Amino acid sequence: MLEIHAFATPNSVKAVIAAEEMGLPHSLVPVDLRQGRQRSDAFMALNPNGKVPVLIDRSAAADADVVLSESAAILVYLAEKTGQLLPTDPERRGKVFEQLFFHASAASPAFLQAFLHEMRKEPESDARTAARKEVARVLGVLDGSLQRHPYVAGDEYTIADIAHFGWIWRHQSFGADLAAFPSVKRWHDEILSRPAVSAAIASTLALAH
Ligand SMILES: N[C@@H](CCC(=O)N[C@@H](CS)C(=O)NCC(=O)O)C(=O)O
């Protein structure tokens, strides 16, 4: 049984989507970010970086649980555990890692910065304009990839799609309009319609109720 320590957030939903897609039994443990629970001693013992999600796999070994943070690392762990959503041949696998690293180093930080500007409801500023431009640049890069093939890393749905989708599903929260990125919109709508994805979104959002 897997435990996913999470809240109703873009990075959390990625781990839940992966567990749903892979048919892995899991329970969600809420970490209420509104109350600062990510900084509690108990949570910091799981992830000294103080951020959700954290995965605990109690079935991995008889004597030691696997405890993992960083959503991309969790996606890779679950894919390797199940042999799903991560190709094994070097070229296709490399393309998945290319997208995972692009997500973690460029897309996720860009979306987070723009989200923080939106949250603070700041007046227009150079920083806010720059954050919006970076979001548009990143979405433009993704749109180009998605014009060339159906999924972000090629012809098949992989954990790289789950990584990007986790944030892009919340595009309104960081002020993006997918109408300007038709291939991202086509891909987003297809992934949103997957039953595993709707189930994961529902259970992740319920953490904030
Ligand atoms: N690189 C991390 C980022 C995790 C992250 O930023 N989580 C946010 C929620 S989406 C969080 O826990 N924020 C609470 C805080 O920063 O105090 C990942 O991909 O898992």
Side-chain angles (χ1 to χ4, degrees), residues 2-22 24 26 28-57 65-81 85-86 96-120 122 127 131 134-135 138-139 142 152-153 158-176 188 191-192 197 200-209:
L2 301 174
E3 263 174 34
I4 303 172
H5 295 243
F7 200 52
T9 75
N11 288 308
S12 296
V13 81
K14 300 173 195 172
V16 188
I17 291 174
E20 287 285 346
E21 290 281 13
M22 295 170 189
L24 292 167
H26 58 281
L28 297 188
V29 180
V31 181
D32 194 331
L33 302 187
R34 295 168 303 197
Q35 297 175 4
R37 295 280 186 241
Q38 73 278 25
R39 290 186 292 276
S40 68
D41 291 346
F43 187 78
M44 292 291 279
L46 297 175
N47 180 11
N49 194 31
K51 291 183 194 292
V52 289
V54 166
L55 175 81
I56 304 184
D57 185 353
D65 298 336
V66 171
V67 180
L68 212 51
S69 63
E70 288 299 322
S71 58
I74 292 170
L75 293 176
V76 173
Y77 174 79
L78 294 178
E80 290 188 333
K81 181 181 168 80
L85 304 184
L86 179 60
V96 173
F97 282 112
E98 179 181 67
Q99 286 298 320
L100 284 176
F101 290 127
F102 171 60
H103 179 79
S105 66
S108 182
F111 300 155
L112 176 64
Q113 279 314 308
F115 168 75
L116 294 174
H117 284 291
E118 291 292 320
M119 282 260 291
R120 293 185 203 120
E122 290 166 344
E134 181 60 1
V135 164
V138 165
L139 288 174
L142 269 180
V152 296
T158 68
I159 52 172
D161 294 287
I162 297 176
H164 283 304
F165 179 83
W167 261 107
I168 292 174
W169 158 64
R170 298 295 254 175
H171 57 276
Q172 285 163 338
S173 75
F174 55 85
H188 166 273
I191 292 179
L192 188 61
V197 172
I201 288 175
S203 60
T204 305
L205 287 178
L207 294 170
H209 295 156

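Both ligands and their constituent atoms are indexed starting at 1 by order of listing. Not measured: the values here are computed from a predicted model.
- Contact between Gln38 and Phe43 at its shortest, heavy atoms only, is O-CD2, 3.2 Å.
- Under a 4.0 Å criterion applied to the non-hydrogen atoms of Gln38, ligand 1 contributes the atoms 14 (C), 15 (C), 17 (O).
- Distance CG/Leu112 to CH2/Trp167: 5.0 Å, rounded to 0.5 Å.
- In terms of protein heavy-atom proximity, atom 20 (O) of ligand 1 is closest to Ser71 N, 2.8 Å.
- The proximity of Thr9 to ligand 1, defined as any non-hydrogen pair under 4.0 Å, is limited to the side chain.
- Taking each heavy atom of Ala106 and Val138 in turn, the nearest pair found is O-CG2, 4.2 Å.
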Validation: residues 68-79 side-chain donor-acceptor distances under 3.5 Å, sequence neighbours left out:
{"unit_1": "Ser71", "atom_1": "OG", "unit_2": "Lys14", "atom_2": "NZ", "d": "3.2"}
{"unit_1": "Tyr77", "atom_1": "OH", "unit_2": "Asp57", "atom_2": "OD2", "d": "2.7"}

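- The protein heavy atom nearest to atom 2 (C) of ligand 1 is Glu70 OE1, 3.3 Å.
- Near Pro53, meaning under 4.0 Å from any of its heavy atoms, are these atoms of ligand 1: 20 (O).
- Given atom 3 (C) of ligand 1, the protein heavy atom at minimum distance is Asn11 ND2, 3.6 Å.
- For residues 29-48, the set of pairs meeting the salt bridge (charged side-chain N to carboxylate O under 4.0 Å, His left out) definition, not counting sequence neighbours, comprises Asp32-Arg34.
- His26 and Leu24 make their closest contact through ND1-O, 2.8 Å (heavy atoms, listed as atom of the first residue, atom of the second, distance).
- Counting the atoms of ligand 1 from 1 in the order shown, those under 4.0 Å from a heavy atom of Lys51 are 4 (C), 5 (C), 6 (O), 7 (N), 11 (C), 12 (O), 15 (C), 16 (O).
- Between the side chain of His117 and the backbone N or O of Ala114 there is no donor-acceptor pair closer than 3.5 Å.
- Annotation: atom 13 (N) of ligand 1 to nearest protein heavy atom, Leu33 CD1, 4.0 Å.
- Among all protein heavy atoms, the one lying closest to atom 8 (C) of ligand 1 is Val52 O, 4.0 Å.
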